[in-house]
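Structure, as structure tokens:
Residue numbers run from 1 in the order of the sequence given. Counting convention: from 1, in listed order, for ligands and their atoms alike. Atom set for the values below is all heavy atoms of this structure, side chains included, hydrogens, waters and symmetry mates excluded.
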Amino acid sequence: MKPSNLLSLLAPSASLAQTLDLSTLNWTLSSPTYQNITVPGSVPSQVHLDLYREGVIPDPYFGLGDFELRWVTYGNWTYETALEGLLKAGGLLILQIPTRDRDSSSGLSTWLLFNGLDTFTSIELCGQHVASTNNQFRQYYFDVSSFLSSCSGTPSLSINFGSAVNITADIAAEPGQETWPFGVEGLFEFPNRQFVRKEQSDFGWDWGPAFSPAGIWQPAYVVQLPSEGIYVRNTLLDIYRQGQLNNLPPDQSAPWVVNASLDLLGTVSNTAQMNIEILDMSNTTVASGSLENVSAVGSTITGSIVVDGETCQLWWPNGLGPQNLYYFKITVVDGGKTLASVTKRSGFRTIVLNMTPISEAQLAQGIASGNNWHFEINGKEFYAKGSNFIPPDAFWPRVTETKMKQLFQSVVDGNQNMLRVWASGAYSPDFLYDIADEMGVLLWSEFEFGDALYPVNAEFLDNVREEANYNVRRVNHHPSLALWAGGNELENLELPEAEAADPGNPKWRDEYEQLFLDVLLPAVYGNTKSISYIPSSTTNGYLELDFSLPIPMIQRYNNETPGSIYGDTDHYDYDSSVAFNLSSYPVGRFANEFGYHSMPSLQTWEQAVVPEDLHFNSSTIVLRNHHYPAGGPFTSNFRNSSLGMGEMTIAAETYYPTPHHSDSIANFSAWCHTTQIFQADFYRSQITYYRRGSGLPERQLGSLYWQLEDIWQAPTWAGIEYDGRWKVLHYVAKDIYQPLIIASYWNYTTGDLTAYVTSDLWTPATGTATLAWYDYNGTLISPAQNVGFEVGGLNTTLVWQGNTNELGYDLTNAIMKMNITATGTPPNTDTPKTFRHEYIFHTLSLRDANLQDPGLTLAYNNSTGNFTVQATKGVAAWVWLDMPAGTLGNFAENAFWLLPGDGPREVGVTVKSDTSGGKWVEGVTVGSLWDNTLE
Ligand SMILES: *[C@@H]1O[C@H](CO)[C@@H](O)[C@H](O)[C@H]1NC(C)=O
Ligand SMILES: *[C@@H]1O[C@H](CO)[C@@H](O)[C@H](O)[C@H]1NC(C)=O
Ligand SMILES: *[C@@H]1O[C@H](CO)[C@@H](O)[C@H](O)[C@H]1NC(C)=O
Ligand SMILES: *[C@@H]1O[C@H](CO)[C@@H](O)[C@H](O)[C@H]1NC(C)=O
Ligand SMILES: *[C@@H]1O[C@H](CO)[C@@H](O)[C@H](O)[C@H]1NC(C)=O
Ligand SMILES: *[C@@H]1O[C@H](CO)[C@@H](O)[C@H](O)[C@H]1NC(C)=O
């Protein structure tokens with residue numbers, strides 16, 4: 001045993017806490033259900049990961065592991081270890097710290113501290129029951145001093161995990177248990193998820209598998225305290241403008257208040273004081289002092305200080321300014337002794353979700369009446385561009401920082417500044433917020449409730465209160481934290497569904513408010529003044545916000561004035577025949593989710609299925625599509641997965657030539673790709689529509705599409721596949737999220753066609769739009785028109801209009817190429833920049849278009865590291881550079897159109913990881929939609 005590896009000394013003073021990191025011990029994993037299995041376990045980990053590593057089960061993600069490994073889910077599992085770091089000394093068990101003065105060991109208290117147990121556990125120490133737990137999202141801590149004093153030999157720690165799927169079924173079946181009208185619980189694989197505080201998608205979701213894993217999924221420690229010692233188990237740091245109130249824009253000229261509140265093991269006397277030192281990233285102190293109004297209540301100590309705003313540089317999101325960060329070092333002192341010290345990295349910014357009524361001044365600008373629904377960073381409105389983040393893996397313990405940095409790099413490269421961290425996964429780990437802080441990605445964060453209504457008995461609500469307080473306090477210091485929302489699709493979907501099934505019963509709304517207003521709102525407002533709260537991701541906002549009320553927010557629900565616009569929108573329409581009909585899109589202030597699913601690439605499928613399954617309707621592939629018919633999959637024994645496959649097929653057939661290659665693998669690959677083209681095309685149409693709304697009466701100020709990334713290899717709504725590969729969608733989103741874009745808007749019923757330039761810069765930009773019609777040979781069929789324009793900050797301007805019935809072109813052989821060159825100044829810079837964007841208008845279905853061989857060529861330039869692509873014969877639609885398997889990298893642009901007159905196009909490439917030893921360059925291919933017409 002090497003003590004130096006096992007023990008970490010918080011500070012070299014006997015009065016301080018000492019910790020033993022339980023991940024350094026040897027663990028055993030066994031099962032009371034399956035007595036044939038005993039393997040080494042690990043911490044943090046989950047049962048499936050340990051069984052897979054030990055060769056007991058195959059890769060859970062391969063083939064139909066989702067269904068075949070259910071026996072693991074149905075079992076109980078036990079993690080056991082011997083606490084080797086604890087030694088008997090002077091009749092007491094103490095952490096074996098070489099420097100410890102053993103005489104000071106009297107009065108020691110010993111704690112078990114778990115940052116996350118997934119989920120139903122029974123914990124035993126030295127054979128005695130310590131506690132049971134039932135919430136994956138809480139931090140648990142137990143004073144076990146009395147257990148240790150009666151323990152003989154090396155103390156044994158054993159944690160039994162009950163089957164969450166079975167236990168929730170038992171809870172659901174308890175006499176008098178609450179039930180909801182059919183359909184209110186969004187049901188995918190295992191039912192009853194609303195009874196357990198565990199990642200809701202562990203029980204299955206339309207984009208994911210259902211493993212319902214179990215284990216010590218977060219770090220765990222033994223903490224030992226001397227008699228007057230304390231240990232900081234959680235830290236709240238709240239930085240806001242003096243006088244700021246939640247959900248309201250603060251006075252940007254007010255000084256900053258820094259409020260620090262530490263949650264402790266052990267108790268602190270009321271003579272304790274707190275000091276603070278604020279350092280910049282080069283460790284230069286910018287402010288320091290003693291906190292004022294220090295109060296020690298129970299095991300929490302809180303104090304605050306006012307900081308002059310002039311001394312601090314603001315933190316801004318990606319594209320809007322620099323990400324200035326500072327270290328905040330907080331020390332607890334008493335009687336000249338330092339009791340504890342903690343350092344958090346944070347930043348100075350205000351971020352508010354402004355839902356105030358539309359003002360007279362806004363009405364005068366042409367903004368429709370109703371309420372605002374937009375974010376303001378440091379007092380500035382901005383356009384939120386981004387997507388929805390789901391759990392990046394069904395097994396969180398294997399989510400690495402490296403993988404998340406790559407993912408967030410893709411977010412930033414994709415011109416996104418905000419992610420909505422969806423409500424039914426897990427609260428994000430700090431390292432994820434750290435990455436977001438550094439890269440400038442705002443994280444709209446949610447409590448883990450979604451697509452269901454939840455119990456409201458006292459025990460459940462108390463459990464939620466603990467979970468909410470812990471997580472709100474844990475992550476509040478991150479400047480990337482943008483918002484707390486109570487849950488996903490509640491006000492717009494589940495609550496109305498319950499009310500429609502049971503008209504006139506006030507119970508549903510009452511229960512909804514008990515959880516999402518009476519419990520969760522105070523968890524936010526009671527801990528932070530800097531963060532806004534909404535009960536549901538999609539919401540019409542509040543009718544009243546009155547801080548003199550016990551619960552300051554009174555919801556609007558459907559109390560709307562006709563003609564007024566209030567909330568944000570959530571849009572899914574699987575009738576692909578209306579995908580490009582702009583009238584089918586919602587008009588709102590902000591689009592928080594919208595989408596359609598597509599297949600992942602061949603390269604990704606090869607990771608997950610046997611070669612014989614590489615065809616579109618193989619049963620393994622179909623069964624990995626979990627987009628089930630409404631009401632759940634139960635009618636056909638969990639297996640009715642064909643709905644989603646049909647929707648993707650119909651959409652592809654409606655809008656594009658579909659592949660019929662004789663090589664079945666090539667055919668499969670081309671089909672997968674065509675479904676991705678439809679997905680990207682549909683999202684682009686919606687994103688341009690929402691962005692243009694920034695200059696229309698709806699004053700639309702955000703679009704976050706569903707969804708950023710994949711949890712596994714399957715047909716889903718993602719733009720980035722499980723290993724990080726970009727689908728067509730991520731490239732198209734990157735293009736259309738540029739600050740200045742031009743796009744066409746076509747009413748194909750009337751033939752009215754317009755082109756608008758939209759900008760999310762904060763100041764006006766000027767430029768020229770060039771619009772020209774070509775046939776599919778690439779021949780110019782009318783003289784190009786140049787239109788000068790000025791587009792205001794966060795605004796749109798019409799640059800062209802016509803009617804396709806009056807142009808005299810046969811749209812099956814005509815496209816309009818639009819591009820802009822403009823000069824504008826990015827937010828928080830002084831230097832004007834040139835912006836360019838190109839957009840192609842074409843007939844509704846490219847199946848009808850006169851596509852012809854574009855004669856694409858591809859070359860690699862060794863000296864620049866760029867590829868050169870050229871269309872030598874005709875117009876190339878949806879040009880696609882394809883990266884071979886084994887290499888993770890993305891092209892600077894992709895999925896674009898190329899005309900022969902465009903000349904060679906240089907395309908850069910960034911490689912993030914490579915297993916080919918550089919040979920990937922030879923494996924890159926280029927194609928276009930024309931290839932679908934080939935045998
Ligand atoms: C864990 O097991 C390994 C291999 O048996 C052993 O070398 C090591 O000392 C053990 N560690 C502890 C903390 O018991
Ligand atoms: C253990 O038993 C279970 C249930 O009988 C079985 O599915 C599994 O394959 C067995 N595992 C091993 C390693 O023997
Ligand atoms: C959980 O339920 C399954 C299916 O009903 C059953 O086979 C299994 O034995 C149960 N597990 C435990 C630990 O009781
Ligand atoms: C499984 O765990 C649950 C919860 O701890 C417990 O009630 C049940 O008795 C256990 N069953 C077995 C077979 O270990
Ligand atoms: C600042 O101090 C920390 C902690 O002492 C150290 O890890 C870090 O390297 C320092 N940074 C710079 C830029 O000196
Ligand atoms: C398109 O035209 C039809 C027919 O006039 C009209 O009903 C519809 O609202 C128009 N759509 C849009 C988005 O303007």
Counting from 1 in the order shown, the ligand 6 atoms closer than 4.0 Å to a non-hydrogen atom of S583 are 8 (C), 9 (O), 10 (C), 11 (N), 12 (C), 13 (C)

For ligand 4, is there an atom lying under 4.0 Å from some heavy atom of T121? no

**Message:** Taking the cut-offs as 6.0 angstrom to the six-membered ring centre and 45 degrees off its axis, would you call R70 and F190 a cation-pi pair?
**Reply:** yes

Between R138 and the options T133, N463, N115, the side chain to side chain donor-acceptor pair (under 3.5 Å) test singles out N463

Check: N26 N/O within less than 3.5 Å of ligand 1 N/O = yes

Q | NZ or CZ of R692 within 45° of Y745 ring axis and under 6.0 Å | A | yes

* Asked: Does some non-hydrogen atom of N160 fall short of 4.0 Å from ligand 4?
  -> yes

Ligand 6 to N747, heavy atom cutoff 4.0 Å, flagged ligand atoms 1 (C), 2 (O), 3 (C), 8 (C), 10 (C), 11 (N), 12 (C), 14 (O)

4.5 Å side-chain heavy-atom contact, H129 and S122 | yes

The protein heavy atom nearest to atom 4 (C) of ligand 6 is T750 CG2, 3.7 Å

Going by the 4.0 angstrom heavy-atom rule, the piece of I167 near ligand 4 is side chain

Smallest heavy-atom separation, W773 atom then A814 atom, equals CE3-CB, 4.0 Å

Check your understanding: Do NZ/NE/NH1/NH2 and the carboxylate oxygens of K198 and D118 come within less than 4.0 Å?
Key -> yes

Strictly less than 4.0 Å: does any protein heavy-atom distance to atom 7 (O) of ligand 4 fall in that range? no

Honestly, for P32 the part within reach of ligand 4 (heavy atoms, under 4.0 Å) is side chain

For ligand 4 and N76, I'd like to know whether there is a polar contact (N/O to N/O, distance under 3.5 Å). yes

inquiry  = Check this for me, if you would: do E466 and R197 make a salt bridge, where the nitrogen-to-carboxylate-oxygen distance has to be below 4.0 angstrom?
reply    = no

